[in-house]
Amino acid sequence: MRKREKPDDDVKTINEKYRLLFEAAPVGIGIADLEGNVLDANPSIQKMMGFTLEELRSAGVGATYAEPEERIALLKALRENGIVRDREVRLKRKDGTIYTALMNVDLVELSGRKLLLTTARDITDRKQAENMLRLLSGAVEEAPDGIQIVDLDGYIIYSNRAVERMYGFSGGEFRRKHVNEMNIDPDFAADIIIPCIKKHGCWAGELMVKHRSGREFPVWLNTSLVKNSKGEPIAMVGIIRDMTERRGFEEAVRESEERYRNLFEDSPISLWEEDSSDIKNYIDGLRSKGVEDFREFFETHPEEIIHCTELVKVVNVNKATVSLFRALGKKELMDGLGQIFTEHSYGLFKEELIAIAQGRTEFEGEDVVKTMAGDEVYVYLKWSVAPGHEEDYSKRHVSMIDITERKRAEKAIKKYAGELEESNYMKELFIDIMHRDLMNHLVTAGGFIELLKEDETQPKKRSYIETVERSLSRATELIDSAAKFSWIESLESLEFVDMDLKGKIEEVIENLSPSASKAGVDIENNVTTSMPIRANKIIGEVFASLISSVIKYGNKKIIVNSEEGDVFWKIRIIDRDGLKDTDKTVIFDMLYGMGKMGVKGSGLGLAIARRIVRLHKGGIGVEDTRDGGFVLFVELPKLEYSDQHYYSERQYSCEKQ
């Protein structure tokens, strides 16, 4: 009969077994009192926390929590429920690393003392995996393209929101639908797509599908086979993109290209499309070899210009270009580009090469080219590099406008201008000679008339001599006026100085007073206000001419007054006798003559007056008075407006003033 072991031995054996389980457990196990003092901790929890048992006993449980609030919340849950199960807690290792542990805590009693028995497992990797899974799931769900997963038989397992929006079905409505139901061709998926995926692992292409509303639209489908860890097929995934917008864009592009082709072909202007990338590469090559001054380079190496013409690639030309160069068709012109160059063309092409070397993307200039028949044509050439091709100049748009007729017109105008200049010179020379020679004769005749007049005592003959004397005086005045008119008409501008117009008018009236008195005419000067202006000294001749013209008509009284406007000084010369309406329109024209008793003069004086006033940016005209007389008026800019205002000449007025 076996002898029974002692009770102490049994307890010892049991303790050793539990210690062995405690030490070997793959999960962390710790024992602490309610105050947080660590009594024991197995190797797994020591490794997880990074503390030794002695360090844990010294630091206490609180040192292992990331936040003190975490432990307080856990103890509260333990008091309320008696146990804590699968609680995720953020802990802190000895080195400060934060990690997540899944904890279970029991309140136990040992030897009459309440203790906390805790098991803990580090689930940081699992949490990261869960977070990544949520991220991937969210990314798939919110992807802009449709993502759909189907089983190996073609039944839908999952559709993201983009697919739902695209087709108009909810996720629940999609589930267990067969993909054939979504396609316009109900057999295409089963007959073509699914077999291809199973055989080759993928399929991609465009197909027509239908919306819940029945609307048909195109999609691009890119599919592949999904396999498990053993490499076995478990599902199929498809990326779906709605092609409606792209189809519309492609159609718009096609229409745009068609419009461009029509505009290009039917444009009345010569249009070219060129590829100048070889020229750009050649110039870049020269720069890499040390060429810096391309103007000097091409001027000293003209053969390089000819070489560069051979690098031009003409991609296309329009109908107007074929017509401009008198070619039978595009092929004849593009094969014979060398025939259209002239010496001038090489000069302009040199400037184009320099422009490319400088990085310019636009160029313009005038050229002389030859048609296929050999005729010279003047053209205005302009080119620009198409957007997106600035780096290599591979697409350059060129336009040419035929300016041959304009050049001929310019040449004719230049010739005419030369002839006109020569004619004006001859006219001035003729007037100068005539003025000098005629004045010599008139002075001689005047001298003899004076002698005859002194010796003549018979009244009748003396009257004849005085008539001749007056005629000679008028002839002298006419010749002087003609010479002056020719000179004043040739002027474009005058030199101005500051002056007081009031003083100039007083000077004119004083000089004319003797002749007015002799003619029995009284001049009443009512100009009493200073009138500062900028003018040339010949401005006095305007008022002398106007007052003299009125004196010639034999009127008894002339009134001169002034008025200040906002911009102008207005001077009036009033004659109480009237003018015919027909005379008012021509009174300032050259060779105008009128009088109460026949023609009183040529009108050159008034024509000169009008020209002088215009050169002063002023106005001159004639108005009626209420009592039947007329007013000659002059308007001249005030001093402060002399450099700003331009007088817009108006017609005379027949209104009663």
Residue pairs passing the side-chain hydrogen bond (donor to acceptor under 3.5 Å, both in side chains) test where at least one lies in residues 224-233, sequence neighbours excluded: Asn228-Glu232

side-chain hydrogen bond (donor to acceptor under 3.5 Å, both in side chains) contacts touching residues 46-63 (sequence neighbours left out): Thr52-Glu55, Glu55-Lys94

Side-chain H-bond candidate by donor/acceptor type, Ser170 with Glu164, under 3.5 Å: no

Counting N and O atoms only, with roles assigned by atom type, does the side chain of [X] sit under 3.5 Å from a partner on the main chain of [Y], one being a donor and the other an acceptor?
X      : Y      : answer
Asn42  : Val27  : yes
Thr342 : Val368 : yes
Asp185 : Asp187 : yes
Asn131 : Arg134 : no
Asn318 : Phe264 : yes
Asn160 : Val140 : yes
Asp145 : Ile239 : no
Ser44  : Ala25  : yes
Asp40  : Ile31  : no
Ser288 : Gly285 : yes

Do any pairs count as a ring-ring contact (aromatic ring centres under 6.0 Å, His included) and have a residue in [range], sequence neighbours left out, and if so which ones?
range            : answer
residues 143-164 : Tyr155-His178
residues 273-292 : Tyr282-His307
residues 208-257 : Tyr167-Phe217

Non-neighbouring partners of His397 that pass ring-ring contact (aromatic ring centres under 6.0 Å, His included), sequence neighbours left out: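 Residues passing ring-ring contact (aromatic ring centres under 6.0 Å, His included) with His397: none at all.
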
With sequence neighbours excluded, residues passing ring-ring contact (aromatic ring centres under 6.0 Å, His included) with His344: none

Looking at [Y] and [X], is any side-chain nitrogen of the basic one under 4.0 Å from a carboxylate oxygen of the acidic one?
X      : Y      : result
Glu88  : Lys127 : yes
Arg19  : Glu23  : yes
Arg246 : Glu251 : no
Lys210 : Glu181 : no
Asp278 : Lys313 : yes
Glu173 : Lys177 : no
Glu265 : Lys330 : yes

Work out which heavy atom in [X] is nearest to a heavy atom in [Y]; give both atom names and the distance.
X      : Y      : result
Ile184 : Glu216 : CD1-CG, 3.3 Å
Ile279 : Leu311 : CG1-CB, 3.7 Å
Leu333 : Val317 : CD2-CG2, 4.2 Å
Met372 : Glu332 : CE-O, 3.8 Å
Thr300 : Glu296 : OG1-O, 2.7 Å

Gap separating the [atom1] atom of [X] from the [atom2] atom of [Y], nearest 0.5 angstrom:
X      : Y      : atom1 : atom2 : answer
Thr64  : Tyr99  : OG1   : OH    : 6.5 Å
Asp392 : Asn281 : CG    : CG    : 7.5 Å
Ile149 : Ser159 : CD1   : OG    : 9.0 Å
Thr321 : Met400 : OG1   : CE    : 7.5 Å
Ile305 : Phe349 : CD1   : CZ    : 8.5 Å

Parallel, tilted or perpendicular, as decided by the 30° and 60° cut-offs, for the rings of Trp383 and Phe363: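 Rings of Phe363 and Trp383: parallel, under 30°.
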
Aromatic ring pairing Phe297/Phe294, orientation class (parallel under 30°, perpendicular over 60°, tilted between): perpendicular

Show which side-chain atoms of residues 109-122 pair as donor or acceptor with protein atoms under 3.5 Å away, not counting sequence neighbours.
residue: Asp122; atom: OD1; partner: Thr124; partner atom: N; Å: 2.9
residue: Asp122; atom: OD1; partner: Thr124; partner atom: OG1; Å: 2.7
residue: Asp122; atom: OD2; partner: Arg93; partner atom: NH2; Å: 2.7

Contact between [X] and [Y] at the side-chain level, heavy atoms closer than 4.5 Å - yes or no?
X      : Y      : result
Thr361 : Tyr393 : yes
Leu91  : Ile98  : no
Asn104 : Val84  : no
Val312 : Leu337 : no
Lys92  : Thr97  : no
Tyr380 : Asp367 : no

Salt bridge (Lys or Arg N to Asp or Glu O under 4.0 Å) partners for Lys280, two or more places apart: Asp284

Taking atom [atom1] as the centre, does [X] end up with more than 12 heavy-atom neighbours from other residues, nucleotides or ligands that are less than 6.0 angstrom away?
X      : atom1 : value
Tyr378 : OH    : no
Arg287 : CZ    : yes
Lys382 : NZ    : no
Glu391 : CD    : no

Partner of Arg396 under salt bridge (Lys or Arg N to Asp or Glu O under 4.0 Å), chosen from Glu362, Glu274, Glu390: Glu274

Using residues 190-203 as the side-chain source, report each donor-acceptor pair under 3.5 Å to any protein atom, sequence neighbours left out, with the distance given to one decimal.
residue: Lys198; atom: NZ; partner: Leu152; partner atom: O; Å: 3.0

Intermediate values then yes/no, side chain to side chain donor-acceptor pair (under 3.5 Å), Ser394 and Ser277: CA-CA 5 Å; Ser394 58; Ser277 56; 5.9 Å; no

Residue pair Asp266, Asn262: steps toward the side chain to side chain donor-acceptor pair (under 3.5 Å) verdict: CA-CA 6 Å; Asp266 299 331; Asn262 291 338; 5.8 Å; no

Using distance only, find each side-chain donor-acceptor pair of residues 68-78 under 3.5 Å and give its atom names and separation, not counting sequence neighbours.
none

Residues forming a side-chain hydrogen bond (donor to acceptor under 3.5 Å, both in side chains) with Glu292, sequence neighbours excluded: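 Scan of Glu292 (side-chain hydrogen bond (donor to acceptor under 3.5 Å, both in side chains), adjacent residues dropped) gives none.
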
